[in-house]
Structure formats: C-alpha cells, structure tokens
Amino acid sequence: MDLITNEAEEIIDHHEMILLLRNYIEEILKYYRPVMNGEIYLSGQNVCELLHISKRTLQQYRNDKILPFIQIGGKIIFKESDILTALEQNYVTNKAGY
C-alpha cells in the first residue's frame with residue numbers, strides 16, 4: 001500500500017479543485033437572490049445598485065409612486081418584475097422610433 005501525503009500530486013490536484021469550487025460557490029452566492037413563488041424580491045440597496053441611483057432618489061421614487069414596493073414592518077422590498085415594468089413604462093424612444 002502506498003502512502004499518500006499532502007505533497008502527492010493527486011492530493012494537490014484535489015485541493016486545487018476544492019479551491020476552484022469554493023470560489024465558484026462564493027461567486028454564485030454573491031449574486032444569488034431568493035425566489036419566492038417564482039418572484040425575485042430586491043432590497044432597497046439592490047434596487048439602488050441596479051438603477052445606479054442613491055437611496056434618496058429611491059425614496060423619492062417611492063413617494064412619487066414611480067416604483068411600487070412592499071413594506072412589512074420597517075422592511076421595504078421590491079419585486080424585480082415591478083422594477084422591469086416601471087423601466088418599460090418609462091422608456092422614451094428617440095425621433096427615429098427606436
């Protein structure tokens with residue numbers, strides 16, 4: 001029976017594979033959004049990052065009823081589909097029509 005040590009090529013290959021998988025999982029988790037009943041819900045910070053707007057602008061959009069939202073206690077969340085709908089409803093075409 002051969003003795004396998006940490007310096008064995010097979011162990012080094014497995015260790016590198018584990019590190020690659022860990023990095024891959026971390027990358028997935030960074031952008032993962034929980035789905036409930038087929039809908040993705042976003043936090044205010046997510047919406048600000050998505051639309052490149054400040055928290056104050058997001059507050060104004062809520063006050064002006066530009067973006068619908070859900071408030072549960074002190075927590076406010078947004079349906080991703082509502083954000084996309086608001087973007088499409090406010091789409092402005094140029095004079096050429098595209």
### Query
Where is the tightest heavy-atom contact between Glu39 and Glu80, given as atom of each residue plus distance?
OE2-N, 3.4 Å
#### Entry: Heavy-atom pair of closest approach, residues Ala86 and Ile66
CB-O, 3.9 Å
### Query
Does a salt bridge link Arg22 with Glu26, judged by any charged N lying under 4.0 Å from a carboxylate O?
yes
### Task
Go through the structure and list residues passing side chain to side chain contact (heavy atoms under 4.5 Å, CB included) with Glu7, not counting sequence neighbours.
Thr5
### Message
Can you list everything that forms a salt bridge (charged side-chain N to carboxylate O under 4.0 Å, His left out) with Glu88? Sequence neighbours excluded, please.
### Response
none
### Query
Are Leu58 and Ile40 connected in the hydrophobic side-chain network, where two residues link if heavy atoms are under 4.5 Å apart?
yes
### Message
Quick one about Ser43 and Asn46 (side-chain donor to acceptor, distance below 3.5 Å, no hydrogens or angles considered), yes or no?
### Response
yes
### Message
Any heavy-atom pair between the side chains of Ile83 and Leu67 that's under 4.5 Å?
### Response
yes
#### Entry: Approximate separation, where rounding is to 0.5 Å, of Asn90 CG and Thr85 OG1
11.0 Å
### Message
Test of understanding: clusters of I, L, V, M, F, W, Y form through side-chain heavy atoms closer than 4.5 Å, transitively. Do Tyr41 and Phe78 belong to the same one?
### Response
no
### Task
Could you check Thr57 against Leu51 for side chain to side chain contact (heavy atoms under 4.5 Å, CB included), going step by step and ending with a plain yes or no?
CA-CA 10 Å; Thr57 301; Leu51 299 178; over 6 Å; no
### Query
Are Tyr61 and Val47 close enough, and set up right, to give a side chain to side chain contact (heavy atoms under 4.5 Å, CB included), and what steps lead you there?
CA-CA 11 Å; Tyr61 287 175; Val47 175; over 6 Å; no
### Query
Within the side chain of Asn63, is there an N or O that forms a donor-acceptor pair under 3.5 Å with the backbone of Gln60?
no
### Query
Would you say the side chains of Arg62 and Gln59 form a donor-acceptor pair under 3.5 Å?
yes
#### Entry: Single-linkage hydrophobic cluster, 4.5 Å side-chain cutoff, Leu50 and Ile53 together
yes
Can you give each donor-acceptor pair under 3.5 Å made by side-chain atoms of residues 9-20, sequence neighbours left out, with the distance rounded to 0.1 Å?
unit_1: His14; atom_1: ND1; unit_2: Glu10; atom_2: O; d: 2.7

